[in-house]
Number of protein chains: 2
Amino acid sequence: MPKHSSKKELFAWTAEVGRCLGHAHRLELIECLAQGPRPVENLAAFTGQSIANASQHLQLLRRFGCVASERRGKQIIYRLADERVLHAIAALRAIAETNVAEFRDLVRKDFLSLDDKEAVSRVELSRLIKESAVIVVDVRSNEEFAAGHLPGALNIPIAELERRLSELPKRKEIVAYCRGPYCILSFEAASRLRAHGYRVRRMQDGFPEWKAEGRKVAEGTSAH
Amino acid sequence: MPKHSSKKELFAWTAEVGRCLGHAHRLELIECLAQGPRPVENLAAFTGQSIANASQHLQLLRRFGCVASERRGKQIIYRLADERVLHAIAALRAIAETNVAEFRDLVRKDFLSLDDKEAVSRVELSRLIKESAVIVVDVRSNEEFAAGHLPGALNIPIAELERRLSELPKRKEIVAYCRGPYCILSFEAASRLRAHGYRVRRMQDGFPEWKAEGRKVAEGTSAH
DNA sequence: GACTCATTCAAGAGAATACTTGAATGATGG
DNA sequence: CCATCATTCAAGTATTCTCTTGAATGAGTC
């Protein structure tokens, strides 16, 4: 891909990394991988792509340093190659947030309409957890929860929310979190729990950002 | 461009921003704009693109919030829309630097071979300038220099370097800077000045990064 | 060593992108 | 208001990208 002067070549390689982040499917794959390492089949299912297609996207991401892979038994496990991929995406999102009208409109229409309460910062949540002042609910899938979650969090996948309301005490405030910024799950959860009379806020961003800050992370299928 | 669920749509818009940064020509345009606002014709000449082509790239960048434009007389002046575009590119570059072998090889072969001395940090340079301990040389074009430069810097475009050696005292250390990280100009300058017996180091990154940190900036054609 | 399974490769159709050319626009200056 | 200049638009071609399909690979299992 590179050509001409060496400076242009460096731009070309940098642009390749940019191109990796220039497709919605690939951003979605990266969001999944940010929750924890996973095999191709799983990623494909999660993002609704065909396996061959997901594989191709993953190979592009690997080629340009965004993800890495290793073989485990007969599966290939992909993982994020570099924490900074999340920083780069956060920067892109920030630009879209400020400067792309359609992005803003969508946020207002589809996210803030569900829950426009200010999100809890990770610093504050850290304190609240220490004080046992809140119930932390992880609304991601069991799988993602098992790969890593906030200490003491209760895993209630969004689909099971109404069925499992009895597990949630009405007295305590609830803090819901999910996969990352503008992951719709925590907005949904906040909206539906509030409709049932709970006091509930979302955590700022999601699990990957919590982990990236070096905060305590628990693993395994159940926090109880 | 967006479709399906609102979450996927947000990814799609974010990806559009990524796509903007996914082409070497556009990264080069952004690097130019980081030096200061400029009209299309100028940008096209600087980056070696046709005017129509540069215009198209600029329009894409504008559409997705990376640059902005305003009319001044009969020209359209483009400028960086958002400082964070530079952050995003820095993140992409960092990923390439660490994870793309070709990038590393190129740096070693074409940049570090010219000057592998550690660059001066902006913090340190700030101090050195205050103490008048160094001569600061800006090796960019007159135009870029005029749009903004380090306080007290001497502008010697790289093409005029040998011709103007008499302006540089041999006693003092020289610090050269240019357009940004891996802009080849300051590596070239360091190499050539050293060949002439000067003590010389490069500044870390370039003028846009200096300015982005809110440090003092001078304007006009001459620092003297 | 044949079989199974997850992943990758290869080839092809369709869509999107990049760049060129030449014409259109829109503000300015006589 | 006509001419000029900078930029944008429109159309066309070549290239690249995306996704699908079906076959190939390569590690484990029987």
Exercise for the section: Could you verify whether a donor N or O on one side chain and an acceptor N or O on the other, from A:T47 and A:Q49, lie under 3.5 Å apart? Expected result: yes
Roughly, in whole Å, what's the span from [atom1] in [X] to [atom2] in [N]?
X: A:R63; N: D:dC17; atom1: CZ; atom2: C1'; value: 16 Å
X: B:Q75; N: C:dT25; atom1: CD; atom2: C1'; value: 16 Å
X: A:L61; N: C:dT7; atom1: CG; atom2: C1'; value: 16 Å
X: A:R19; N: C:dT17; atom1: CZ; atom2: P; value: 12 Å
X: B:I51; N: D:dT8; atom1: CD1; atom2: P; value: 10 Å
X: B:F64; N: C:dT17; atom1: CZ; atom2: P; value: 9 Å
X: B:L58; N: C:dC19; atom1: CG; atom2: P; value: 13 Å
X: A:I77; N: D:dA27; atom1: CD1; atom2: C1'; value: 13 Å

Practice task
Specify whether B:F64 and B:W13 have parallel, tilted or perpendicular ring planes, treating 30° as the upper limit for parallel and 60° as the lower limit for perpendicular.
Solution key: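 Taking B:W13 first and then B:F64, their aromatic rings sit tilted (interplane angle of 30° to 60°).
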Taking the six-membered ring of [Y], is NZ or CZ of [X] closer than 6.0 Å to its centre and within 45° of its axis?
X: B:R215; Y: B:W210; result: yes
X: A:R140; Y: A:F207; result: yes
X: A:R38; Y: A:F46; result: yes

Check whether any side-chain N or O of [X] sits under 4.0 Å from OP1 or OP2 of [N], and answer yes or no.
X: A:H57; N: D:dC17; value: no
X: A:R71; N: D:dG28; value: no
X: A:Y78; N: C:dA6; value: no
X: B:S55; N: D:dT8; value: yes
X: B:S50; N: C:dT20; value: yes

Can you tell me which nucleotide in [options] comes closest to the side chain of [X]?
X: B:V40; options: D:dA6, D:dT8, C:dT7; answer: D:dT8
X: B:K74; options: C:dT28, C:dT20, C:dC5; answer: C:dT28
X: B:H23; options: D:dT20, C:dT8, C:dA18; answer: C:dA18
X: A:N53; options: D:dT20, C:dA6, D:dT7; answer: D:dT20

Practice task
Looking at every strand, decide which applies to A:Q56 at a 4.0 Å heavy-atom threshold: base, sugar-phosphate, or nothing.
Solution key: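 Base contact - A:Q56 has a heavy atom under 4.0 Å of at least one base atom.
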Problem - Most 5' of A:A52 and A:R26 on DNA chain D, judged by nearest nucleotide - result: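 Result: A:R26.
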